[in-house]
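To start, the structure itself, in structure tokens.
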Amino acid sequence: SRAAAATALGGGLSALVCGLTVVAAATVAVPAVQDGRLSGVALAVVVLTPLAAFEAVTGLPLAVQYRQRVARSAERVFEVLDAPVPVREPAAPAEEPASPFPLEVRGLSARYPGARHDALVALDLTLTPGRRIAVVGPSGSGKTTLAQVLLRFLDASSGMYRLGGVEASALESETVRRSVGLCAQDAHVFDSTIRENLRLARPGATDAELLDVLSRARLLDWVLALPEKLDTPVGEHGARLSGGQRQRLALARALLADFPVLVLDEPAEHLDLPTADALTADLLDATRGRATVLITHRLTGLDTVDEVLVLDAGRVVQRGPYAELAAEEGPLRTMLEREGETVGAGAR
């Protein structure tokens with residue numbers, strides 16, 4: 001609004017000054033024509049000359065606006081360039097292990113820059129091929145912090161994190177992310193086609209491979225029913241897709257990347273309960289046989305995972321098979337009761 005007002009004011013002032021200059025030129029030149037000191041053709045030249053001269057400066061208000069816009073953009077770029085590096089890259093990176101397994105976390109603690117307390121405290125975790133672990137807990141309990149540490153978006157403040165026996169901190173962060181992939185709640189969908197959004201994970205993927213991952217993400221029937229199928233535009237930020245379809249497309253992209261370890265960070269967030277539960281069930285079915293860390297606040301469907309970790313204030317307060325934790329008094333049982341009350345209230 002301020003930029004538009006400035007542009008309008010600049011354009012208006014330019015037109016006003018130009019008009020006044022033309023009037024002043026005419027006021028001086030007309031008597032000269034009457035006295036015979038100036039011809040009629042010369043009068044036209046005198047009056048029109050200011051109009052031609054002001055054409056050279058009509059773009060100045062717009063130039064000032066663009067200069068301010070570029071200055072603000074440069075400030076944002078410099079903020080990124082001057083920001084502290086979130087993770088420390090090793091001076092001499094270790095060789096990438098042949099396999100990321102076992103993925104081991106021992107006594108791991110992590111703290112965000114500037115924070116007074118650890119967001120994650122003394123956590124232990126082991127992933128082997130095909131093992132699936134669910135991490136649950138209230139907001140702020142450290143679930144997303146665990147995902148950031150596993151993907152090396154955040155360095156551990158203490159403890160051990162190893163991939164295939166090699167310290168993750170000794171590997172380049174991109175090396176870690178080739179083994180540990182993320183499907184986040186806010187996974188970006190680009191203003192392009194379904195095909196090109198999927199091929200971000202693997203540019204050389206064939207249509208058969210694309211259709212396979214869409215089938216595993218339970219999107220195939222919907223895509224095949226579209227007039228343009230894989231070439232259907234999804235709109236800016238996936239505007240033409242529902243929330244569930246965007247998350248399934250993000251899952252299909254993660255499956256196409258074929259990460260040995262897949263981290264699902266609140267994939268059903270911001271969805272209504274029936275859609276969230278259906279998506280969670282499909283996620284667990286699609287990741288069967290793949291090492292997976294499912295971070296979620298919903299408990300539906302967790303009976304299919306190998307182990308459940310319950311976090312509170314950054315600490316593991318309960319862990320074990322879902323059936324055992326649901327049967328005994330404890331944090332998970334309490335969460336189940338609260339979830340049942342919420343669902344019941346919604347149904348009423």
Side-chain angles (χ1 to χ4, degrees), residues 130 132 134-136 144 147 151 177 180-305 339 342-343 346-347:
R132 299 189 297 176
V135 182
V136 301
T144 296
L151 286 141
R177 292 175 203 137
V180 184
L182 174 67
C183 181
Q185 59 177 289
D186 56 353
H188 190 76
V189 177
F190 291 87
D191 187 6
S192 184
T193 64
I194 294 173
R195 183 197 308 276
E196 294 309 314
N197 268 282
L198 289 174
R199 280 184 169 170
L200 287 170
R202 197 195 307 166
T206 65
D207 283 2
E209 291 171 326
L210 300 183
L211 295 176
D212 175 62
V213 294
L214 286 171
S215 175
R216 290 156 62 192
R218 301 292 177 88
L219 270 183
L220 183 59
D221 291 342
W222 171 73
V223 171
L224 294 180
L226 296 171
E228 297 178 80
K229 297 181 172 56
L230 287 171
D231 295 314
T232 301
V234 299
E236 188 174 3
H237 301 293
R240 297 184 182 181
L241 308 179
S242 68
Q245 288 168 342
R246 280 196 298 272
Q247 286 303 108
R248 292 176 189 274
L249 184 62
L251 171 64
R253 189 163 60 196
L255 292 174
L256 185 64
D258 199 25
F259 297 110
V261 179
L262 185 58
V263 178
L264 306 173
D265 185 13
E266 296 282 10
E269 187 77 355
H270 311 309
L271 301 179
D272 59 86
L273 292 181
T275 304
D277 290 345
L279 176 61
T280 300
D282 290 341
L283 287 172
L284 291 171
D285 185 61
T287 56
R288 197 178 301 276
R290 183 186 304 272
T292 306
V293 177
L294 172 61
I295 296 170
T296 179
H297 66 282
R298 294 283 295 160
L299 305 179
T300 302
L302 298 190
D303 53 330
T304 60
V305 304
E339 186 171 290
T342 303
V343 173

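Count residues from 1 along the sequence. In what follows, every heavy atom counts, from backbone to side chain, and hydrogens, waters and symmetry copies are set aside. These numbers were taken from a predicted model, which means no experiment stands behind them.
- In this structure, Val223 and Thr232 have side chains that are not in contact, with every pair of non-hydrogen atoms separated by 4.5 Å or more.
- A distance-only check finds a donor-acceptor pair linking the side chain of Asn197 to the backbone of Phe190 [under 3.5 Å].
- Put simply, the side chain of Leu256 does not reach to within 4.5 Å of the side chain of Arg253, judged on heavy atoms.
- For the side chain to side chain donor-acceptor pair (under 3.5 Å) condition, the pairs that include at least one residue of residues 213-230, sequence neighbours left out, are Asp212-Arg216, Arg218-Asp282, Arg218-Asp285.
- Atom CG of residue Leu219 and atom CG of residue Leu226 lie 9.5 Å apart, to the nearest 0.5 angstrom.
- To the nearest 0.5 angstrom, Leu262 atom CG is 8.0 Å from Leu182 atom CG.
- A salt bridge is defined here as a Lys NZ or Arg NE, NH1 or NH2 lying under 4.0 Å from an Asp or Glu carboxylate O, and Asp207 with Arg199 meets this definition.
- Summarising the geometry of Thr193 relative to Asp231, their closest heavy-atom pair is CG2-O, 3.4 Å, with the distance given to 0.1 Å.
- The two residues Ala147 and Val263 make their nearest non-hydrogen contact at CB-CG1, 3.8 Å.
- For Glu209 (side chain) and Thr206 (main-chain N/O), a donor-acceptor pair under 3.5 Å exists by modelled atom type.
- Taken from CZ in Arg248 to SG in Cys183, the straight-line distance is 11.5 Å, to the nearest 0.5 Å.
- Of the possible donor and acceptor atoms, none in the side chain of Arg195 sits under 3.5 Å from a partner among the backbone N and O of Leu230.
- Here the CG-OG1 distance, from Leu283 to Thr292, works out to 9.5 Å after rounding to the nearest 0.5 Å.
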Let me see the working for Leu224 and Leu214 under side-chain contact (heavy atoms from CB on, under 4.5 Å), right down to the final yes or no.
CA-CA 10 Å; Leu224 294 180; Leu214 286 171; over 6 Å; no

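- To the nearest 0.5 angstrom, Leu198 atom CG is 7.5 Å from Ile194 atom CD1.
- Rounded to the nearest 0.5 Å, atoms CG (Asp265) and OG1 (Thr144) are 4.0 Å apart.
- Remark: the backbone N or O of Gln245 is paired with a side-chain donor or acceptor of Ser242 at under 3.5 angstrom.
- Although no hydrogens or angles enter the test, the distance criterion places a donor-acceptor pair under 3.5 Å between the side chain of Arg132 and the main chain of Leu284.
- Looking at heavy atoms from C-beta onward, Thr296 lies in side-chain contact with Leu302 at the 4.5 angstrom threshold.
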